[in-house]
Amino acid sequence: MHVPLSWSYTQTRAAENDTHMSEFVLLGLSQELEVQPVIYVIFLSMYLATVLGNLLIILATSLDTRLHTPMYFFLCNLSLVDICFTSTTVPKMLVNIQTQRKAISYEGCITQIFFYVLFISLDDFLLTVMAYDRFVAICHPLHYTVIMNPQLCGLLVLGCWVLGLLNSSMEASVSLRLSFCPEVKIPHFFCELNQLIKLACSDTFLNNLVIYCVSVLLGGGSVLGIIYSYSKIISSIRGVASTQSRYKAFSTCASHLTLVSLFYGTSMGVYLSSVVSERAYPSAVASVLYMVVTPMLNPFIYSLRNKDIKRALRTFFVQGTAKRSIVLH
């Protein structure tokens with residue numbers, strides 16, 4: 001029986017539309033029902049700690065005029081990005097556990113990929129900008145206020161956002177061309193880009209090429225920028241005669257170095273776990289480290305090792321307590 005060409009084309013387009021309207025299933029970290037309440041409590045606690053901790057950093061740096069410096073300006077932006085980064089995936093995961101419904105719509109999955117790539121790119125770029133800030137502060141202390149002026153700081157943050165938006169738009173755009181089966185099960189707690197590409201039924205060469213190029217150009221460029229900045233910082237510190245001055249100079253970089261080690265260490269852990277093991281479960285567990293644990297630890301790292309942040313937080317809470325006492329009286 002001869003099938004009309006127009007009818008065949010219509011059926012093909014309808015099938016493509018059905019593919020794009022299909023829902024994905026997020027398998028999460030575990031499918032055992034008795035473990036779900038434990039995962040829910042742990043992730044809810046970490047999410048609340050991340051939001052509250054980073055909000056305190058933003059409040060402290062915004063309200064204390066002594067912290068209106070380039071370093072704390074970048075830290076404030078990093079805290080905002082960390083809140084958004086965690087909020088991209090964890091709330092959806094908590095809702096899925098609570099409702100016992102693991103589905104996510106096609107549009108929701110692409111949206112999650114867009115914001116996930118955006119905020120992880122911003123984390124990467126801001127850490128590089130903060131390394132440059134420390135390089136100027138230690139290697140060119142006399143010209144620091146001239147070089148790191150408010151206009152340059154604003155342009156650096158704006159550049160981070162522009163690059164992040166371009167990257168996330170490109171990744172989301174090439175993901176839109178993928179075709180999937182009616183039901184796709186993603187072995188992760190969010191729409192992880194690499195896992196989504198592996199499950200596609202269509203050609204994924206362009207997607208893999210974009211990921212590879214972005215990783216080399218943007219990710220590799222950021223790592224090289226951080227390595228170059230700290231190589232100059234170490235050389236400058238070694239030239240200082242006083243041991244106390246060396247310690248003081250290095251202590252200003254300690255918190256940033258800790259954040260860089262956490263971010264890139266956990267990111268490499270995700271990559272290596274996906275390469276070494278064919279199962280997706282180790283990669284999903286490793287993703288928790290840089291998506292939830294690292295943003296949660298950032299405020300503690302800066303508040304515990306930084307006297308300025310401690311002083312600002314102490315002043316903030318003391319003033320708040322004093323105001324409440326006045327109101328009550």
Side-chain angles (χ1 to χ4, degrees), residues 54 57-58 61 69-89 109-137 147-178 190-194 196-197 206-232 256-257 259-268 270-271 287 290-291 294-295 298:
N54 283 288
I57 295 291
I58 294 172
T61 54
T69 61
M71 183 177 74
Y72 295 109
F73 171 70
F74 297 134
L75 176 61
C76 184
N77 280 273
L78 183 67
S79 295
L80 176 63
V81 168
D82 281 338
I83 292 173
C84 297
F85 182 36
T86 311
S87 300
T88 302
T89 56
C109 190
I110 297 298
T111 302
Q112 200 173 63
I113 287 174
F114 174 84
F115 286 107
Y116 159 74
V117 174
L118 170 62
F119 293 122
I120 197 173
S121 300
L122 284 170
D123 255 338
D124 189 22
F125 300 148
L126 284 172
L127 287 174
T128 308
V129 169
M130 293 171 76
Y132 174 72
D133 172 71
R134 293 298 84 205
F135 158 71
V136 177
I147 297 174
M148 300 303 295
N149 56 73
Q151 290 78 15
L152 179 62
C153 294
L155 286 174
L156 287 172
V157 172
L158 178 62
C160 291
W161 276 94
V162 170
L163 286 175
L165 285 169
L166 288 175
N167 183 25
S168 58
S169 299
M170 183 167 54
E171 295 283 11
S173 297
V174 294
S175 298
L176 287 170
R177 57 180 291 276
L178 295 174
F190 72 102
C191 282
E192 207 272 332
L193 185 58
N194 289 321
L196 196 69
I197 291 173
L206 180 60
N207 301 78
N208 291 320
L209 179 64
V210 169
I211 291 176
Y212 177 78
C213 292
V214 166
S215 300
V216 171
L217 294 177
L218 298 183
S222 296
V223 171
L224 288 176
I226 292 173
I227 292 174
Y228 175 80
S229 296
Y230 275 102
S231 65
K232 292 295 184 181
H256 179 259
L257 270 175
L259 292 185
V260 169
S261 302
L262 277 172
F263 181 79
Y264 288 105
T266 52
S267 301
M268 285 299 297
V270 173
Y271 173 75
S287 298
Y290 80 92
M291 291 198 64
T294 301
N298 288 355

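Counting from 1, the numbers follow the sequence of the chain as shown. Computed from a predicted model, the values in this text were never measured in an experiment.
The side-chain contact (heavy atoms from CB on, under 4.5 Å) with C213 is formed by just one residue from the set V216, L209, V210; it is L209.
Using a 4.5 Å cut-off on side-chain heavy atoms (C-beta onward), I226 and Y264 make contact. Side chains of F263 and D124 form a contact here, defined as non-hydrogen atoms less than 4.5 Å apart. L163 has its side chain out of reach of S121: every pair of non-hydrogen atoms, C-beta onward, lies at least 4.5 Å apart. Side-chain contact between T61 and F73: absent, with no pair of heavy atoms (C-beta onward) separated by less than 4.5 Å. With contacts defined as side-chain heavy-atom distances shorter than 4.5 Å, the pair V214/I211 does not qualify. At a threshold of 4.5 Å between non-hydrogen side-chain atoms, the residues M130 and V260 do not count as touching. Between I113 and E192, every side-chain heavy-atom pair lies at or beyond the 4.5 Å cut-off. Looking at D133 and L156, their side chains never come closer than 4.5 Å, going by heavy atoms from C-beta outward.
Of the inter-residue distances, the one linking N77 atom CG with W161 atom CH2 reads 8.5 Å to the nearest 0.5 angstrom. A distance of 9.0 Å separates CG in N54 from CG in L80, rounded to the nearest 0.5 Å. Atom SG of C76 is separated from atom CG of L126 by 10.5 Å, given to the nearest 0.5 angstrom. Rounded to the nearest 0.5 angstrom, L118 CG and E171 CD are separated by 12.0 Å. How far OH of Y116 is from CE of M291: 6.0 Å, rounded to the nearest 0.5 Å. Between atom CZ of residue R134 and atom OH of residue Y132 there is a gap of 12.5 Å, rounded to the nearest 0.5 Å.
Relative orientation of the F119 and F115 rings is parallel, given thresholds of 30° and 60° on the angle between their planes.
With S169 contributing its side chain and L166 its backbone, the two residues share no donor-acceptor pair below 3.5 Å. Between the T86 side chain and the I83 main chain, no donor and acceptor come within less than 3.5 Å of each other.
Residues that satisfy the side-chain hydrogen bond (donor to acceptor under 3.5 Å, both in side chains) test with S87, not counting sequence neighbours, are Y47. With sequence neighbours excluded, the residues forming a side-chain contact (heavy atoms from CB on, under 4.5 Å) with T69 are M71, Y72, listed by chain and number.
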Checklist entry - What do the steps show when you test F125 against V81 for side-chain contact (heavy atoms from CB on, under 4.5 Å), and what is the final call? => result CA-CA 11 Å; F125 300 148; V81 168; over 6 Å; no
Checklist entry - Yes or no on side-chain contact (heavy atoms from CB on, under 4.5 Å) for N298 and S79, after CA distance, side-chain angles and deciding distance? => result CA-CA 8 Å; N298 288 355; S79 295; over 6 Å; no
Item to check | From CA spacing to verdict: side-chain contact (heavy atoms from CB on, under 4.5 Å), N207, S175 | outcome: CA-CA 7 Å; N207 301 78; S175 298; 4.3 Å; yes
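H256 has its ring centre no less than 6.0 Å from the ring centre of F74.
Taking both residues in full, the closest heavy atoms of P70 and M148 are given as CG-O, 3.5 Å, listed atom of the first, atom of the second, then distance. Smallest separation of non-hydrogen atoms from N149 and L152: OD1-N, 2.8 Å.
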